[in-house]
Amino acid sequence: MGEHNANNFSDIEYVFLDRDGVLNRSLPDGRFITRWEEFELLPGVAGAIAQLNRSGRKVMVVTNQRCVALGLCSEADLLTLHERLRNQLTQQGARLDAIYYCPHDAGECNCRKPLPGLFEQAFRDFPGADARNSVMVGDSLRDIEAGARLGMRTIFIDVESEGGSRSPEADRSTALASAVALSLSDCVQQYLSPRGYE
């Protein structure tokens, strides 16, 4: 089996997306999104997911949601929010094939990224998926570390690229990732365009 070029994404069949900061706007000051009224889909996200759908790729969300462990919302609240997210995307012609979430606090489980549990669950649910034909797209170091630990290619959404000062975490993420993009839309256009799949 030949070596994969880390920057070649043409053989990717499964796209794993972080939620907050990739699909929707993160709240300031590290606050958690606990209600639908706080959920704001980022520009171009629905169109980017629809492009991935048309390319025949599976699109899955993998998200840490410690707000459940902290008692800020219930698991039922989180499931309702995700159902509304799915409905909003459906209305815009886009589809998520699965959403995996970790409701635990740090140190309580094997599924909180950068640990591999959410991905292992996805690989069980989608037997064709493995680290070689999957990519992790995220906006934090834990997202990129999670993919790298599993041997997946990774794309870092660099939300600080247009700002002045950069955090050490953003610099480490950029160095570790297989590729860097400015947004999910930019990521799909640059690396996961449906060309050749339609």
Chemist: Are Ser55 and Leu192 packed together at the side-chain level, in the sense that at least one heavy-atom pair is separated by less than 4.5 angstrom?
Modeler: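 No, side chains not in contact.
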
Chemist: Among the clusters formed by ILVMFWY side chains lying less than 4.5 Å apart, do Trp36 and Leu42 turn up in the same one?
Modeler: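 Linked, Trp36 and Leu42 end up in one cluster.
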
Chemist: Hydrophobic clusters here meaning ILVMFWY residues chained together by side-chain heavy-atom distances under 4.5 Å, can you tell me if Leu141 and Ile155 are in one?
Modeler: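 No; tracing contacts between hydrophobic side chains, which count when under 4.5 Å, never links both residues.
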
Chemist: Of all the heavy-atom pairs spanning Ala177 and Phe156, show the shortest one and how long it is.
Modeler: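 Closest pair (atom of Ala177, atom of Phe156, distance): CB-CB, 3.8 Å.
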
Chemist: Taking the basic N atoms (NZ, or NE/NH1/NH2) and the acidic carboxylate oxygens, is any pair closer than 4.0 Å for Lys113 and Asp18?
Modeler: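 Salt bridge present between Lys113 and Asp18.
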
Chemist: Starting from Leu27, can I reach Leu81 by hopping between I/L/V/M/F/W/Y residues whose side chains sit under 4.5 Å apart?
Modeler: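 They do share one cluster, since a chain of ILVMFWY contacts under 4.5 Å joins Leu81 to Leu27.
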
Chemist: Show the nearest heavy-atom pair for residues Phe9 and Thr154, with the distance to one decimal.
Modeler: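 Answer, listing the atom of Phe9 first, then Thr154: CZ-O, 4.5 Å.
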
Chemist: Could you give the distance from SG (Cys187) to CG (Leu182), rounded to the nearest 0.5 Å?
Modeler: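 Cys187 SG to Leu182 CG: 10.5 Å, rounded to 0.5 Å.
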
Chemist: Answer yes or no: is there a side-chain heavy-atom contact under 4.5 Å between Glu40 and Asn24?
Modeler: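 Not touching, per the 4.5 Å side-chain cut-off.
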
Chemist: Would a hydrophobic clustering, with Ile, Leu, Val, Met, Phe, Trp and Tyr connected at side-chain separations under 4.5 Å, put Val22 with Ile12?
Modeler: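 Linked within one cluster.
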
Chemist: Starting from Met60 and following side-chain heavy-atom contacts under 4.5 Å between hydrophobic residues (I, L, V, M, F, W, Y), which residues can be reached?
Modeler: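 Cluster partners of Met60: Tyr14, Phe16, Val62, Tyr100, Leu118, Phe119, Phe123, Phe126, Met136, Leu150, Met152.
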
Chemist: Flag yes if Leu17 and Val159 sit in one hydrophobic cluster, no otherwise; membership is Ile, Leu, Val, Met, Phe, Trp, Tyr, and two members link when side-chain heavy atoms are under 4.5 Å apart.
Modeler: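 Looking at the clustering, Val159 is in the same group as Leu17.
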
Chemist: For the residue pair Ala50 and Ala94, what are the closest heavy atoms and their distance?
Modeler: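 Closest pair (atom of Ala50, atom of Ala94, distance): N-CB, 3.8 Å.
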
Chemist: Any side-chain donor paired with an acceptor under 3.5 Å for Thr63 and Gln65?
Modeler: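 Note: Thr63 and Gln65 side chains meet the donor-acceptor criterion.
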
Chemist: Go through the steps to decide whether His104 and Cys111 satisfy the test side-chain contact (heavy atoms from CB on, under 4.5 Å), and finish with yes or no.
Modeler: CA-CA 8 Å; His104 308 112; Cys111 58; 3.3 Å; yes

Chemist: Assess whether a salt bridge exists between Asp11 and Arg153, defined as any Lys/Arg side-chain N lying under 4.0 Å from an Asp/Glu carboxylate O.
Modeler: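 Looking at Asp11 and Arg153, the cut-off is met.
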
Chemist: Give a yes-or-no answer on whether the side chains of Asn87 and Thr90 include a donor-acceptor pair shorter than 3.5 Å.
Modeler: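 Absent: no donor and acceptor within the cut-off.
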
Chemist: Hey, which of Asn64, Val68, Leu70 is the one that makes side-chain contact (heavy atoms from CB on, under 4.5 Å) with Arg66?
Modeler: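 Among the candidates, only Leu70 passes.
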
Chemist: Side chains of Asp77 and Thr80 only: does a donor on one sit below 3.5 Å from an acceptor on the other?
Modeler: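 Distance-only check fails for Asp77 and Thr80.
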
Chemist: What heavy-atom pair brings Cys109 and Leu115 nearest, and what distance separates the two atoms?
Modeler: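 Scanning both residues completely, I find the closest heavy atoms to be O-CD1, 3.3 Å.
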
Chemist: With a sphere of 6.0 Å drawn around CZ of Arg142, does it hold more than 12 non-hydrogen atoms of other residues, nucleotides or ligands?
Modeler: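 Counting other residues, nucleotides and ligands, CZ of Arg142 stays at 12 neighbours or fewer.
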
Chemist: Side-chain contact, heavy-atom cut-off 4.5 Å: Asp20 with Arg25?
Modeler: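 Side-chain contact under 4.5 Å: no.
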
Chemist: Please report the interatomic distance OH(Tyr191) to OG(Ser10), rounded to the nearest 0.5 Å.
Modeler: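 Answer for the OH-OG pair, Tyr191 versus Ser10, is 14.0 Å.
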
Chemist: Between Glu108 (side chain) and Asp105 (backbone), is there a donor-acceptor pair under 3.5 Å?
Modeler: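 Present.
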
Chemist: Taking Asp139's backbone N and O only, do any of them form a donor-acceptor pair with Asp143's side chain (distance below 3.5 Å, no angle check)?
Modeler: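 Flag set: sc Asp143 to bb Asp139 pair under 3.5 Å.
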
Chemist: Do Leu184 and Leu23 touch side chain to side chain, with heavy atoms closer than 4.5 Å?
Modeler: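 With C-beta onward as the side chain, the pair touches.
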
Chemist: OH of Tyr101 to CZ of Arg19: how many Å apart, nearest 0.5 Å?
Modeler: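 Interatomic distance, Tyr101 OH to Arg19 CZ, rounded to 0.5 Å: 11.5 Å.
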
Chemist: Does the Asp171 side chain pair with the main chain of Thr174, one donor and one acceptor, at a distance under 3.5 Å?
Modeler: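 Side chain of Asp171 to backbone of Thr174: no pair is present.
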
Chemist: Is there a side-chain contact between Arg172 and Glu145, using heavy atoms and a 4.5 Å cut-off?
Modeler: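 Yes; the side chains approach each other to less than 4.5 Å.
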
Chemist: Would you list the pairs meeting ring pair (Phe, Tyr, Trp, His ring centres under 6.0 Å) in which at least one residue belongs to residues 168-190, sequence neighbours left out?
Modeler: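 Matches after skipping sequence neighbours: none remain.
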
Chemist: List for me each residue that meets side-chain contact (heavy atoms from CB on, under 4.5 Å) alongside Leu96, sequence neighbours excluded, and say none if there are none.
Modeler: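 Result, side-chain contact (heavy atoms from CB on, under 4.5 Å) vs Leu96: Ile49, Val59, Val61, Leu85, Arg86, Leu89, Ile99.
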
